[in-house]
Amino acid sequence: MRIIIAPAKNMLVDTDSFPVDGLPRFLDRTERLKAALQAMSPQELQALWKCSGAIARQNVERLARMDLRRGLTPALLAYKGIQYRYMAPGVMEAAQLDYLREHLRILSGFYGLLRPFDGVTPYRLEMQARLAAEGFRDLYGFWGGLPAGQLAAETDCVLNLASREYARAVKPHLPPSVRFVTCVFGERAGDRVVEKGVRCKMARGQMVRWLAENRITSPEDLPAFDQLGCRFQPPLSAEDRLVFLREA
């Protein structure tokens with residue numbers, strides 16, 4: 001089983017806590033994206049990133065001095081967001097980190113697919129960004145089936161804890177032999193199940209931690225997850241869609 005999660009927009013540098021295991025698999029393609037971004041003006045980059053002037057200036061500076069091979073942070077520690085805070089890899093035991101090393105994969109608009117201890121540098125590039133590169137109109141086209149192909153080479157089951165924007169980069173490209181299981185974390189709103197962004201991120205991060213603590217290797221064990229007030233809902237679930245509702 002491989003677990004896929006989304007990255008976070010905010011990133012940090014931490015070269016001290018853990019060493020990196022190596023470089024990302026698709027670094028040659030990342031180099032090409034870097035070159036495409038460096039060829040853009042600051043105004044074009046801000047429009048691509050859809051961010052404030054201050055954030056744009058910070059990332060333009062990062063891009064100008066970007067080194068993809070030195071001064072790197074393990075991907076698991078590089079992202080700063082709600083999901084990663086609830087995952088709390090910095091306080092995990094060695095056995096739990098080894099579990100993540102084997103089972104967890106991080107999707108990225110800039111790197112394609114990352115192992116937890118691949119070395120990365122801060123960047124800003126969401127998967128849904130309309131960056132036209134090498135004849136492709138966006139990053140979904142640029143990455144194509146590469147992330148899915150790598151996952152299919154590693155496993156026959158993908159556990160999807162990513163957002164829709166990132167899952168879209170994998171699911172359509174997987175062969176029928178690879179099972180794709182999505183976890184939904186929601187709340188009841190009348191007769192509907194509503195997913196709320198912050199609580200989804202909290203639950204996804206907490207589930208990754210729970211998976212590592214319990215060494216879960218099969219989706220059949222997922223219904224036991226009961227943290228942050230979440231409970232598995234068999235009537236709302238299907239073989240490849242597991243629904244967890246937060247109890248009031």
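Among pairs with a residue in residues 45-55, none fulfils side chain to side chain donor-acceptor pair (under 3.5 Å), at least two apart in sequence or across chains. Counting only residues at least two apart or in different chains, salt bridge (charged side-chain N to carboxylate O under 4.0 Å, His left out) contacts with residues 146-163 comprise R2-E154, R25-E154, R105-E154. Evaluation of the ring-ring contact (aromatic ring centres under 6.0 Å, His included) test over residues 179-204, restricted to residues two or more places apart or in two chains, returns F185-F244. For residues 154-175, no pair satisfies ring-ring contact (aromatic ring centres under 6.0 Å, His included), with sequence neighbours left out. Pairs passing the side chain to side chain donor-acceptor pair (under 3.5 Å) check and including a residue from residues 28-40, sequence neighbours excluded, read R32-E134. Counting only residues at least two apart or on different chains, the salt bridge (charged side-chain N to carboxylate O under 4.0 Å, His left out) pairs with a member in residues 164-173 are R164-E195. Residue pairs that meet the side chain to side chain donor-acceptor pair (under 3.5 Å) test with at least one member in residues 136-146, sequence neighbours left out, do not exist here. Within the structure, side chain to side chain donor-acceptor pair (under 3.5 Å) pairs that include any residue of residues 215-226 comprise R179-E220, S218-E220 (at least two apart or interchain).
In terms of heavy-atom proximity, L242 sits nearest to P219 at CD1-O, 4.2 Å. Between D67 and L72 the shortest heavy-atom distance is O-CD2, 3.8 Å. Between A203 and C230 the shortest heavy-atom distance is CB-SG, 4.4 Å. Closest heavy-atom contact between S17 and L77: CB-CD1, 3.7 Å. The minimum heavy-atom distance linking L236 with R241 is given by the pair O-NH1, 3.7 Å. In this structure, V178 and A152 approach most closely via the heavy-atom pair CG2-CB, 3.9 Å.
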For this session: Begin from the C-alpha positions of I5 and R204 and carry the test side-chain contact (heavy atoms from CB on, under 4.5 Å) through to its verdict.
Result: CA-CA 8 Å; I5 62 174; R204 288 168 182 156; 5.9 Å; no

For this session: Give the intermediate values and the outcome of side-chain contact (heavy atoms from CB on, under 4.5 Å) for residues V20 and F117.
Result: CA-CA 5 Å; V20 300; F117 289 91; 5.7 Å; no

For this session: Start with the C-alpha gap between L97 and L76, add the side-chain angles, then the distance that decides, and say whether side-chain contact (heavy atoms from CB on, under 4.5 Å) holds.
Result: CA-CA 10 Å; L97 293 172; L76 191 61; 4.2 Å; yes

Exercise. Does the side-chain contact (heavy atoms from CB on, under 4.5 Å) test come out yes or no for M92 and M87, once each step is laid out?
Worked result: CA-CA 9 Å; M92 281 186 175; M87 199 189 315; 4.2 Å; yes

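L12 forms part of no hydrophobic cluster, judged by ILVMFWY side-chain heavy-atom separations under 4.5 Å. Under the 4.5 angstrom side-chain criterion for Ile, Leu, Val, Met, Phe, Trp and Tyr, V13 has no cluster partners at all. Side-chain heavy-atom separations under 4.5 angstrom define the hydrophobic clusters, and the remaining members of the one that includes L228 are I82, Y86, V198, M202.
Put simply, the side chain of R231 never gets that close to the backbone of R246: no donor and acceptor are under 3.5 Å apart. With hydrogens and angles ignored, the 3.5 Å screen pairs a side-chain donor or acceptor of Q96 with a backbone N or O of E93.
Follow the hydrophobic side-chain contacts under 4.5 Å out from I55 and you never reach V60; the two are in separate clusters. Both L113 and L27 are part of a single hydrophobic cluster, where members link through side-chain heavy atoms under 4.5 Å apart. One hydrophobic cluster, built from ILVMFWY side chains closer than 4.5 Å, holds both L125 and M66. With hydrophobic clusters built from ILVMFWY side chains whose heavy atoms lie under 4.5 angstrom apart, W210 does not share a cluster with V184.
Ring planes of Y84 and Y79: tilted class, angle from 30 to 60°.
A distance of 6.5 Å separates CE in M1 from NE2 in H103, rounded to the nearest 0.5 Å. Taken from OG in S163 to NZ in K201, the straight-line distance is 8.5 Å, to the nearest 0.5 Å. A distance of 6.0 Å separates OG1 in T73 from CG in D14, rounded to the nearest 0.5 Å. Rounded to the nearest 0.5 Å, atoms OH (Y111) and OG1 (T121) are 5.5 Å apart. With rounding to the nearest 0.5 angstrom, the SG atom of C157 is 10.5 Å from the CG atom of L174. The distance from atom CZ of F142 to atom CG of L139, rounded to the nearest 0.5 Å, is 7.5 Å.
Between R115 and D21 there is no salt bridge, since none of the side-chain N atoms of the basic residue sits less than 4.0 Å from a carboxylate O of the acidic one.
Taking the side chain to side chain donor-acceptor pair (under 3.5 Å) definition, one finds that E61 meets it with nothing, sequence neighbours left out.
Inter-residue side-chain proximity for I216 and F225 is flagged as unmet; no heavy-atom pair is nearer than 4.5 Å. With contacts defined as side-chain heavy-atom distances shorter than 4.5 Å, the pair V120/M11 qualifies. At least one side-chain heavy atom of L37 sits less than 4.5 Å from a side-chain heavy atom of L131. Between V243 and F232, the closest side-chain pair of non-hydrogen atoms is not below 4.5 Å. Using a 4.5 Å heavy-atom cutoff, the side chains of Q206 and V208 are not in contact. By the 4.5 Å heavy-atom criterion applied to side chains, L211 and L161 are counted as neighbours. A heavy-atom distance below 4.5 Å is not found between the side chains of L68 and Y123. For the pair T182/L159, no side-chain contact is recorded, criterion being any heavy-atom separation below 4.5 Å from C-beta on.
Residue R62 places its CZ atom among more than 12 non-hydrogen atoms of other residues, nucleotides or ligands, all under 6.0 Å distant.
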